[in-house]
Novice: 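Once you've had a glance at the structure underneath, I'll fire off some questions.
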Amino acid sequence: MPYSRPETRPPHSGLNLVAGEWTPAADGRRFERRNPADLSDLVGTFPDSSADDMAAAIAAVEEGAEEWAAASPERRAGVLEAAARWLEDRADELTVELVREEGKTRAEAAMETGRTPKNLRFYAGEALRITGRSYPADDGGLVYTRPEPVGVVGAITPWNFPLNIPSRKLGPALAAGNGVVFKPSPVTPLLAQRLVEALLAGGLPPRAIALVQGGAAPGAALAADPRVAAVTFTGSTEVGRAIHASVGPSRRVQLEMGGKNPVIVLDDADLDRAAQIIVKGAFGLGGQACTGTSRVIVHESVHDALLEKVVALAESRTVGNGLHDGVTMGPLAADFQLEKVLEYVRIGQDEGAKLVTGGARLDDASGYFVSPAVFTDVTPEMRIAREEIFGPVLAFQRVSGLDEAVALADATPYGLSAGIVTRDIERAFAFARRIRTGLVKINQPTTGMAMTVPFGGFKESSTQTFKEQAGDSMMLFYTQEKSVYLSP
Ligand code: NAD
């Protein structure tokens, strides 16, 4: 089908937000962002910020956040609520921008543009629920606790949910009265800017937030700056480690990182259901979800039957531009994603695994399209069984029972999400007890989380310092508490 661009727009000319002003990088450098489904479509150009640009932004927020720190809970809640409405009013437009910028399908993008305002509303509610406690004291006096904002929060985010993940950081940080310096991924700068626009339109004092576009240089400068009291990061384990080291012991850090998420399929499973669960988790978002399924650990007695069903479903995916009707898997988001996925497909074959389907770049060179890949005969020491690929590549491993399955599921450095498909409640509960992951899914895909439930991994997937997404534990990360002693 010849490609005709459904939305023709002039490229966006993005800017940083520093000290309440939309501004370019000091040296004027810019980077381009192109639609990964149509490389002739220039989404926009954005400031390629330096460490100096970041330092200026941090200084401005440090100074500018006072008004916001002093704002009443009602005012903070009102701003988040109004920002949510701004996003909702533009949901259709934002959905198209998200498809163009990141490469999601329209349905996947609509889910994100629908969820983000709900997140902001959730944290608007949290702003109203911040309380201290009081304690009786010996002399008839009292001690009370005083929750306060921590100061400047640095938020560093990935590209795979460019509205949703930042809203789970900026929402609670602002609800608690902090100033925020936001460093989004250079893969999705436009949607990051839209979130900031929403907050400003909602009435956030413009000097309480800074947006600094660019890559590793401003990100590293943000993490390392002692004026930043708390750093919240979502991204790869490798970058998370570097951030952890630079934050040091006296500042707060929250890291949500990579995964290598397995689904165990036992011999009693409904195999049609299992195949649906696996394929949704593995190939939704083109496999570019931190909780995406990348391993299937299956009882040997049902291996062949399950493989056949999964392969049939993988081959039925329609890969293409997410704005086209009928497309069920978009492109990979960037050139580095395409190179990495094709490289791991080669690695899997070189290691002796059997590629049953997919793993090839599609003929359509207008974008970063690959067919969903399924490997079998994968053994635990192979790299495709241990390393995060973050793409549509699924590895089948055979086992002879639950004990072996759980041991194998646990045999990677990661501990984000793990699933089991079984009709046996006893074995499902044993799995939930024994597996070392922060999310456990019984008869559900490894992806997909409820908005109000704690979210975070174990092992090298998360610091587990504070869980994201759930209201009360989140707010603790963004507040600090004084104990005030008072005598009559
Ligand atoms: P990434 O780690 O490459 O980048 C994340 C962010 O860090 C980006 O804004 C990037 O510019 C910035 N950055 C890069 N180098 C930096 C440095 N040295 N110091 C400070 N900041 C730096 O990750 P990505 O490619 O954007 O996203 C994919 C990764 O994110 C995958 O590993 C995926 O599993 C993970 N992820 C995790 C979750 C989760 O909740 N656990 C959610 C989504 C994505």
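In listed order, ligands and their atoms are each counted from 1.
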Novice: Quick one: look up the protein heavy atom nearest atom 34 (O) of ligand 1 and list residue, atom name and how far away it is.
Specialist: E388 OE2, 2.6 Å
Novice: Show the numbers, then the answer: is there a salt bridge (charged side-chain N to carboxylate O under 4.0 Å, His left out) between R30 and E32?
Specialist: CA-CA 7 Å; R30 302 183 70 76; E32 279 189 349; over 6 Å; no
Novice: Report, in ascending order of atom number, the atoms of ligand 1 lying under 4.0 Å from any heavy atom of G219.
Specialist: 19 (N), 20 (C), 21 (N)
Novice: Kindly identify the option in A220, P189, A192, A221 whose heavy atom sits closest to atom 19 (N) of ligand 1.
Specialist: A220
Novice: Which distance, rounded to the nearest 0.5 Å, do you find between the CD1 of I156 and the CD1 of I165?
Specialist: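 Here the rounded value is 13.5 Å.
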Novice: Compute the minimum heavy-atom distance from S185 to ligand 1 and say whether it is under 4.0 Å.
Specialist: yes
Novice: Are W22 and F46 an aromatic pair by the rule of ring centers under 6.0 Å?
Specialist: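 No - the distance between ring centres of W22 and F46 does not fall below the 6.0 Å cut-off.
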Novice: Name the closest protein heavy atom to atom 17 (C) of ligand 1, giving the residue it belongs to and the distance to 0.1 Å.
Specialist: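 Sorting protein heavy atoms by distance from atom 17 (C) of ligand 1 puts V239 CG1, 3.8 Å first.
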Novice: Using protein heavy atoms only, decide if any is under 4.0 Å from atom 4 (O) of ligand 1.
Specialist: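 For atom 4 (O) of ligand 1 the answer is no, since every protein heavy atom stays at 4.0 Å or beyond.
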Novice: Are any of the N/O atoms in M257 less than 3.5 Å from those in ligand 1?
Specialist: yes
Novice: Check contact between F161 and ligand 1, using heavy atoms of the residue and a distance below 4.0 angstrom.
Specialist: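 No heavy atom of F161 comes that close to ligand 1.
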Novice: Between R168 and ligand 1, does any nitrogen or oxygen pair lie at a separation below 3.5 Å?
Specialist: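 No, no N or O pair falls under 3.5 Å.
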Novice: Could you state the interatomic distance from CZ (R241) to CG (L255), rounded to the nearest 0.5 Å?
Specialist: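 If I round to the nearest 0.5 Å, the distance is 11.0 Å.
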Novice: With a 4.0 Å cut-off on heavy atoms, is P186 touching ligand 1?
Specialist: yes
Novice: Going by heavy atoms, is I165 under 4.0 Å from ligand 1?
Specialist: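 Contact present.
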Novice: Picking from Y414, W159, F336, what satisfies ring pair (Phe, Tyr, Trp, His ring centres under 6.0 Å) with F390?
Specialist: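 Among the candidates, only W159 passes.
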Novice: Kindly determine whether R252 and Q480 satisfy side chain to side chain contact (heavy atoms under 4.5 Å, CB included), including the steps that lead there.
Specialist: CA-CA 11 Å; R252 294 181 183 196; Q480 57 192 353; 3.7 Å; yes
Novice: If you count the atoms of ligand 1 from 1 in the order shown, which ones are under 4.0 Å from a heavy atom of G215?
Specialist: 11 (O)
Novice: Does a side chain donor of either Q254 or T232 reach within less than 3.5 Å of an acceptor in the other side chain?
Specialist: yes
Novice: List the atom of A385, the atom of V378, and the distance in Å for their closest heavy-atom pair.
Specialist: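 For A385 versus V378, the nearest heavy atoms are CB-CG1, 3.7 Å.
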Novice: Which heavy atom of the protein is the closest neighbour of atom 9 (O) of ligand 1, given with residue, atom name and distance?
Specialist: T157 O, 2.8 Å
Novice: Indicate yes or no for a side-chain donor-acceptor contact from N261 to the backbone of C290 under 3.5 Å, with no hydrogens or angles considered.
Specialist: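 Looks like yes, one N/O pair under 3.5 Å.
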Novice: Starting from atom 15 (N) of ligand 1, which protein heavy atom do you reach first, and at what distance in Å?
Specialist: A216 CB, 3.4 Å
Novice: Give a yes or no answer on whether the side chain of T446 reaches the backbone of S417 with a donor-acceptor pair at less than 3.5 Å.
Specialist: no
Novice: Using a strict 4.0 Å cut-off to heavy atoms of I156, name the atoms of ligand 1 that fall inside it.
Specialist: 6 (C), 7 (O), 9 (O), 12 (C), 21 (N)
Novice: Taking atom types as modelled and ignoring hydrogens, do the side chains of S167 and N119 form a donor-acceptor contact shorter than 3.5 angstrom?
Specialist: yes
Novice: At less than 4.0 angstrom from any non-hydrogen atom of F233, what atoms of ligand 1 do you find?
Specialist: 2 (O), 5 (C), 6 (C), 7 (O)
Novice: Please confirm whether the backbone N or O of E460 pairs with a side-chain atom of T237, one donor and one acceptor, at under 3.5 Å?
Specialist: yes
Novice: When you measure from the centre of the six-membered ring of F455, is the NZ or CZ of R168 under 6.0 Å away and within 45° of the axis?
Specialist: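 Yes, R168 lies over the aromatic ring of F455.
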Novice: Tell me which one of P158, C290, A333 gets a heavy atom nearest to atom 39 (C) of ligand 1.
Specialist: C290
Novice: Should you measure from each heavy atom of F455, which atoms of ligand 1 turn up under 4.0 Å away?
Specialist: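 That gives atoms 40 (O) of ligand 1.
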Novice: Identify, by atom number and element, the atoms of ligand 1 in contact range of P184, meaning under 4.0 Å from any of its heavy atoms.
Specialist: 9 (O)
Novice: Under the salt bridge (charged side-chain N to carboxylate O under 4.0 Å, His left out) criterion, do E387 and K260 qualify, and how do the steps go?
Specialist: CA-CA 7 Å; E387 298 175 10; K260 187 70 188 169; over 6 Å; no
Novice: Look at the side chain of R383 and the backbone N and O of I347, then say whether any donor-acceptor pair between them is shorter than 3.5 Å.
Specialist: no
Novice: When you compare ligand 1 with W159, is there at least one nitrogen or oxygen pair between them that comes in under 3.5 angstrom?
Specialist: yes
Novice: Considering distance alone, does some N or O of K183 sit under 3.5 Å from an N or O of ligand 1?
Specialist: yes
Novice: Tell me: protein heavy atom nearest atom 33 (C) of ligand 1, and distance?
Specialist: F390 CE1, 3.3 Å
Novice: So which heavy atom in the protein is nearest atom 35 (C) of ligand 1, and how far is it from that ligand atom?
Specialist: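 For atom 35 (C) of ligand 1, the nearest protein heavy atom is G235 O, 3.2 Å.
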Novice: Using heavy-atom distances, let me know which of N160, T188, L285 sits nearest atom 44 (C) of ligand 1.
Specialist: N160
Novice: With nothing but distance in play, are any N or O atoms of S236 less than 3.5 Å from an N or O of ligand 1?
Specialist: yes
